[in-house]
Amino acid sequence: MIRINDETPIETLQDIKVGDMVTDGFSKTSLVESIETSDDGLYKVYEFYLVTGRVITTKR
């Protein structure tokens, strides 16, 4: 299981793939259904959509 939070290294975030088990450390734990990345000019935004319908978002 991979923990996604503000201290998670960028290399780890980039290695996460569909089907991996992830958690935010609190209430969101599930398999990754899809991943979206975007760049808002200041940060690269990672959004991990879980099979439970929840989303874990982190910025780097």
Undergrad: For a side chain to side chain contact (heavy atoms under 4.5 Å, CB included) check, start with the C-alpha distance between R3 and D24, then their side-chain angles and the critical distance, and finish with the verdict.
TA: CA-CA 6 Å; R3 176 174 279 186; D24 68 349; over 6 Å; no

Undergrad: Using the rule given for side chain to side chain contact (heavy atoms under 4.5 Å, CB included), can you reason through R54 versus S27, listing the C-alpha separation, both sets of side-chain angles and the distance that settles it, and then say yes or no?
TA: CA-CA 10 Å; R54 294 178 171 232; S27 62; 3.2 Å; yes

Undergrad: Does V45 form a side chain to side chain contact (heavy atoms under 4.5 Å, CB included) with T57? I'd like the steps, not just the answer.
TA: CA-CA 7 Å; V45 180; T57 303; 3.8 Å; yes

Undergrad: Going by side-chain heavy atoms closer than 4.5 Å, which hydrophobic residues are tied to L42, directly or by a chain of links?
TA: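 Under the 4.5 Å side-chain rule, L42 groups with Y43.
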
Undergrad: Looking only at non-hydrogen atoms, find the nearest pair between L50 and S30 and report the distance.
TA: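 L50 and S30 have their closest heavy atoms at CB-CB, 3.8 Å.
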
Undergrad: Would you find a donor on one side and an acceptor on the other, under 3.5 Å apart, between the side chain of D15 and the backbone of T12?
TA: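 Between the backbone of T12 and the side chain of D15 there is no qualifying donor-acceptor contact (under 3.5 Å).
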
Undergrad: Can you check whether V55's main-chain N or O pairs, donor with acceptor, with K28's side chain at less than 3.5 Å?
TA: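 Indeed, once roles are kept as given, a pair shorter than 3.5 Å links the two residues.
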
Undergrad: Are L13 and V32 joined in one hydrophobic group, where the rule is that I, L, V, M, F, W and Y side chains link up if heavy atoms are under 4.5 Å apart?
TA: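 Linked within one cluster.
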
Undergrad: Please assess N5 against T58 for the test side chain to side chain contact (heavy atoms under 4.5 Å, CB included), listing each intermediate value before the final yes or no.
TA: CA-CA 7 Å; N5 58 28; T58 189; over 6 Å; no

Undergrad: Do the non-hydrogen side-chain atoms of Y46 and I4 ever get within less than 4.5 Å of each other?
TA: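 In short, these two side chains do not touch, never coming nearer than 4.5 Å.
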
Undergrad: Assigning hydrophobic clusters by single linkage (Ile, Leu, Val, Met, Phe, Trp, Tyr; side-chain heavy-atom cutoff under 4.5 Å), is V22 placed with V18?
TA: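 Result: no, two separate clusters.
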
Undergrad: Quick check: are there more than 12 heavy atoms from other residues, nucleotides or ligands sitting under 6.0 Å from CZ of R60?
TA: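 Atom CZ in R60 is packed in, count exceeds 12.
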
Undergrad: Mind checking the OG1-CZ spacing from T23 to F48? Nearest 0.5 Å is all I need.
TA: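 CZ of F48 is found 12.5 Å from OG1 of T23.
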
Undergrad: To the nearest 0.5 Å, what is the distance between OG1 (T29) and CD1 (I56)?
TA: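 That separation rounds to 7.0 Å.
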
Undergrad: Are L31 and Y49 grouped together when hydrophobic residues (ILVMFWY) are joined by side-chain heavy atoms under 4.5 angstrom apart?
TA: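 In one cluster: no.
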
Undergrad: If I take atom CD1 from residue I35 and atom NZ from residue K17, how far apart are they, to the nearest 0.5 angstrom?
TA: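 One finds 9.0 Å between CD1 of I35 and NZ of K17.
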
